[in-house]
*Asks:* 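Mind having a look at this structure? Questions to follow.
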Amino acid sequence: MPLYLPIAELSMNIFLVIGMGAVVGFLSGMFGVGGGFLMTPLLIFSGVPPAVAVATESNEITAASVSGALAHWRRQGVDVKMGAVLIVGGAIGSFFGAQVFTYLKSLGQVDLMIALAYVVFLGSVGGLMFWESMRAIYRQYTGYVPPKLSREDRHKAWIHALPFKMRFRKSRLYISAILPLAIGMLVGVLAAIMGVGGGFIMVPAMIYILGMPTNVVVGTSLFQIIFVTALTTIFHSVNTQTVDIFLAVLLLFGAVIGAQVGARVGLKMKGEQLRALLAVMVLGVCIKMGFGLVIEPEELYSVAEAAEQGGH
Amino acid sequence: MRLLVLIYMLFVTVVLPSPAMALVTDLSNNKIEIRYSFDGAQLILFGAVGTSLKDPDSAPYEVVVVVRGPNSETVVRKKERVGVIWVNNQNITFPSAPGYYAVAATASLDEIAPAAVFEKYGIGFDYLPLVVRSGDDVAAPEPAFREALFRLRAGEELFRQELDSVTKLTQGLFRTDIHLPANVPVGDFIVETFLFQDGKIKDRSRIKLDVGKEGFERAAYDFAHGSPFLYGLTAVVVALSAGWLAGVLGKK
């Protein structure tokens, strides 16, 4: 059943769209990740203009993060003060990311930037995750238990030397506000140019750089993602009119159903196995994007309307 | 609808006195509305040639129908290898290229008239006049970019030539189908019909065709482009409520 999407200006099969949402929802439910880094490439591979894919996926991530954030909120799993600093950083990052996005779109280089960003970030994150999970599986196999590092040991000395210290009670931290601000900014830039929530960067950064306790990490990151992707949605709407609400709602519909099933399957699997599988998928998307850049395209030419690129 | 057009055509050709070789055309539909289920559209152009009924001995006529979509500034880019990756490295801008261009005829164009005639009137892929504005760094010859524009748009079924034919129904009546694909651009279309005889243009007629988004689709499009900030805000509110609803339903 074809459905005409008025903003994307193309017809897509409604079941294909819901199906894509369901598959990514299943995987994100199983792995406990946002899924933006899978959804955006999938939309691009299925013919949605990359700019529309990125902007629309921001919109969908807002929706997909709400229920998770609410659940963590009820369990007191959100550090609001830390979240607020991360949001300020994210807002700045998202604003500049959207500006760069708009500028590159007018030059016809936005697809290249999206692909490069995916290759670099998914390649490094996927590689690290793969290495870490393989080590965990190997250690479990051999029965080696690594000595536990205390939170203070993980906290490096240079971090305490930074100025503008703030107290984050919920995270039991007294650290410079520059760090969460910088992390938030990086995540904001990624949200604007890659159509991701940025959890895959933010969660490790919160644990290993900020030294936040794990019980507030996921809730606080979801809390930040809601606000930053909402802002990103508005920036893209104003700059390039590329947010398709209908596409976003359909994807969400599929994702909600898929996530329910995925979460149940995920419970039956071991953590390090899940991480290894996720790493393989992340690397898979990275390689597919990378091949698109390196291999000589069958069609060297492309056509675009200039009017829709500079904004109005 | 089609029947009405046909009756109207017969009325025009038979009853009304017409000048020599007068050409009358009409479309089965002057307004195409793109709605949520839009998957392309087909419309029919009917035409009548005035004198053919009175003077059956005159030389056979030929018809060429040209449908042009709205013009817009169009960029054609070419990828080149930079280091290990392929990058859009050259581009040429056509300040006013049609978003849709279809040519249908009663015979192949070279049988109808000499190339010079089509060149003069700018009919067909080879002679459609396109102004070019190129960047400073363009090294590749411009025809390659023009060819690429036609090849890519033809691949999307937006540019059509020698795919559709004009059928003569009776001595003086003809018809052709106009195919608009799902990705057709919105705006004002012009359907031009050229009447040829002995390799010369005898008459021409123009009809306007309006392709627009209607109803909900139009409202959404106008909203997104007219007040983008409010649209973005709405998108966020929709996402927040949908997400919340999904969370509530998911728990049960």
Side-chain angles (χ1 to χ4, degrees), chain A residues 1-4 6-7 9-11 59-68 70-71 107-109 111-112 115-116 226 229-231 233-239 241 243-246 248-249 252-253 255-256 259-260 292-297 299-309 312, chain B residues 34-40 72-81 84-88 91 93 95 99 144-145 147-149 151-153 155-156 182-183 185-186 213 216-221 224-225 228-229 231-236 238-244 246-251:
Chain A
M1 197 172 104
L3 179 87
Y4 183 81
I7 308 302
E9 298 195 291
L10 54 96
S11 265
N59 195 215
E60 198 239 324
I61 293 168
T62 310
S65 309
V66 171
S67 58
L70 278 177
L107 292 185
Q109 301 295 5
D111 303 7
L112 175 71
L116 280 177
I226 291 177
T229 53
L231 272 173
T233 302
I234 292 175
F235 290 144
H236 283 315
S237 294
V238 172
N239 289 344
Q241 291 92 40
V243 178
D244 197 307
I245 301 185
F246 308 96
V249 168
L252 179 74
F253 179 72
V256 168
Q260 297 290 322
L293 288 173
V294 176
I295 288 182
E296 179 170 355
E299 177 60 83
L300 290 175
Y301 293 87
S302 61
V303 174
E305 263 182 54
E308 68 185 29
Q309 298 199 339
H312 289 264
Chain B
I34 299 184
R35 292 177 180 278
Y36 62 89
S37 59
F38 185 73
D39 192 29
S72 62
E73 192 173 320
T74 304
V75 189
V76 177
R77 300 196 169 88
K78 188 187 178 197
K79 279 201 166 79
E80 281 174 352
R81 198 182 193 115
V84 290
I85 59 171
W86 288 83
V87 179
N88 283 333
N91 65 75
T93 303
F145 284 84
E147 273 165 31
L149 175 69
R151 183 176 64 243
L152 290 164
R153 288 253 156 108
E156 289 183 279
N183 53 342
V186 297
K213 289 175 184 166
F216 193 57
E217 281 61 39
R218 181 180 194 100
Y221 182 89
H225 288 262
F229 178 72
Y231 176 86
L233 215 56
T234 310
V236 169
V238 166
L240 290 176
S241 14
W244 175 77
V248 172
L249 293 177
K251 265 197 294 187

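Just so we're clear, the structure is a prediction, and the values are computed from it rather than from any experiment. To find a chain, count down the sequence lines: A is the first, B the second, and so on, and within it residues start at 1.
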*Asks:* How would you list, by chain and number, every residue that makes a side-chain contact (heavy atoms from CB on, under 4.5 Å) with A/Asp111, sequence neighbours excluded?
*Replies:*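 Once residues adjacent in sequence are excluded, the partners of A/Asp111 under the side-chain contact (heavy atoms from CB on, under 4.5 Å) criterion are A/Pro50.
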*Asks:* Does any backbone or side-chain atom of B/Leu233 lie under 4.5 Å from a heavy atom of chain A? Answer side chain, backbone, both or neither.
*Replies:*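 For B/Leu233, the contact with chain A is made by backbone and side chain together.
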*Asks:* Determine the minimum heavy-atom distance between B/Arg81 and A/Val294, stating which atoms define it.
*Replies:*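 Heavy atoms only, the tightest pair is NH2-O, 3.9 Å.
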*Asks:* Give a yes or no on whether a salt bridge exists between B/Lys79 and A/Glu296, defined as a side-chain N under 4.0 angstrom from a carboxylate O.
*Replies:*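 No, this pair does not count.
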*Asks:* Could you have a look at B/Ala235, B/Ala148, B/Ser241 and say which one has the most heavy-atom pairs with chain A under 4.5 angstrom?
*Replies:*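 Looking at each option in turn, the highest pair count goes to B/Ala235.
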*Asks:* Around atom CZ of A/Phe246, are there more than 12 heavy atoms of other residues, nucleotides or ligands at under 6.0 Å?
*Replies:*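 More than 12 within 6.0 Å, yes.
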*Asks:* Nearest heavy-atom pair of B/Arg77 and A/Leu107: which atoms, and what distance?
*Replies:*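 In this case the closest contact between B/Arg77 and A/Leu107 is NE-O, 3.6 Å.
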*Asks:* Taking A/Ala64, A/Ala248, A/Pro297 one by one, which has the highest count of heavy-atom pairs under 4.5 Å against chain B?
*Replies:*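 It is A/Pro297.
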*Asks:* With side-chain contact (heavy atoms from CB on, under 4.5 Å) as the criterion, how do A/Tyr301 and B/Glu147 come out once you've worked through the C-alpha distance, each side chain's angles and the decisive distance to 0.1 Å?
*Replies:* CA-CA 10 Å; A/Tyr301 293 87; B/Glu147 273 165 31; over 6 Å; no
*Asks:* Return the option, out of A/Ser67, A/Ser65, A/Ser302, with the maximum number of heavy-atom pairs under 4.5 Å with chain B.
*Replies:*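 Heavy-atom pairs under 4.5 Å are most numerous for A/Ser302.
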*Asks:* Out of A/Ile226, A/Val249, A/Ile295, which one racks up the most heavy-atom pairs below 4.5 Å with chain B?
*Replies:*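 Of A/Ile226, A/Val249, A/Ile295, A/Ile295 has the most heavy-atom pairs under 4.5 Å with chain B.
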*Asks:* Counting heavy-atom pairs under 4.5 Å to chain A, which of B/Val186, B/Val238, B/Ile85 comes out on top?
*Replies:*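 Between B/Val186, B/Val238, B/Ile85, the count favours B/Ile85.
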*Asks:* Quick check for you: to the nearest 0.5 Å, what is the distance between B/Tyr221 atom OH and A/Gln241 atom CD?
*Replies:*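 Spacing of OH (B/Tyr221) from CD (A/Gln241) equals 8.5 Å.
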*Asks:* Relative to chain B, which segment of A/Ile245 carries a heavy atom at a distance below 4.5 Å: side chain, backbone, both, or neither?
*Replies:*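 When you check distances to chain B, atoms from both the backbone and side chain of A/Ile245 fall under 4.5 Å.
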*Asks:* Looking only at non-hydrogen atoms, find the nearest pair between B/Gly232 and A/Thr233 and report the distance.
*Replies:*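 Minimum heavy-atom contact is O-CG2, 4.2 Å.
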*Asks:* Tell me, out of A/Ile234, A/Thr62, A/Leu300, who's got the most heavy-atom pairs with chain B below 4.5 Å.
*Replies:*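 Winner by heavy-atom pair count: A/Leu300.
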*Asks:* Which region of A/Ala230, side chain (C-beta onward) or backbone (N, CA, C, O), has a non-hydrogen atom less than 4.5 Å from a non-hydrogen atom of chain B, or is it both or neither?
*Replies:*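 For A/Ala230, the contact with chain B is made by backbone and side chain together.
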*Asks:* Give, as side chain, backbone, both or neither, the part of B/Val76 having an atom under 4.5 angstrom from any heavy atom of chain A.
*Replies:*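 Both the backbone and the side chain of B/Val76 come within 4.5 Å of chain A.
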*Asks:* Please find the pair of heavy atoms, one from B/Ala224 and one from A/Ile7, that lie closest to each other, and give the distance.
*Replies:*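 Closest approach of B/Ala224 to A/Ile7, heavy atoms only: CB-CD1, 3.4 Å.
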*Asks:* Short question: side chain of B/Trp86, backbone of A/Leu293 - any donor-acceptor pair under 3.5 Å?
*Replies:*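 Looks like no, no N/O pair under 3.5 Å.
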*Asks:* Just by distance, do the side chain of A/Gln109 and the backbone of B/Asn88 share a donor-acceptor pair under 3.5 Å?
*Replies:*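 A pair under 3.5 Å: yes.
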*Asks:* Ignoring hydrogens and geometry, is there a side-chain-to-backbone donor-acceptor pair from B/Tyr231 to A/Val243 under 3.5 Å?
*Replies:*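 Here the side-chain-to-backbone pair exists.
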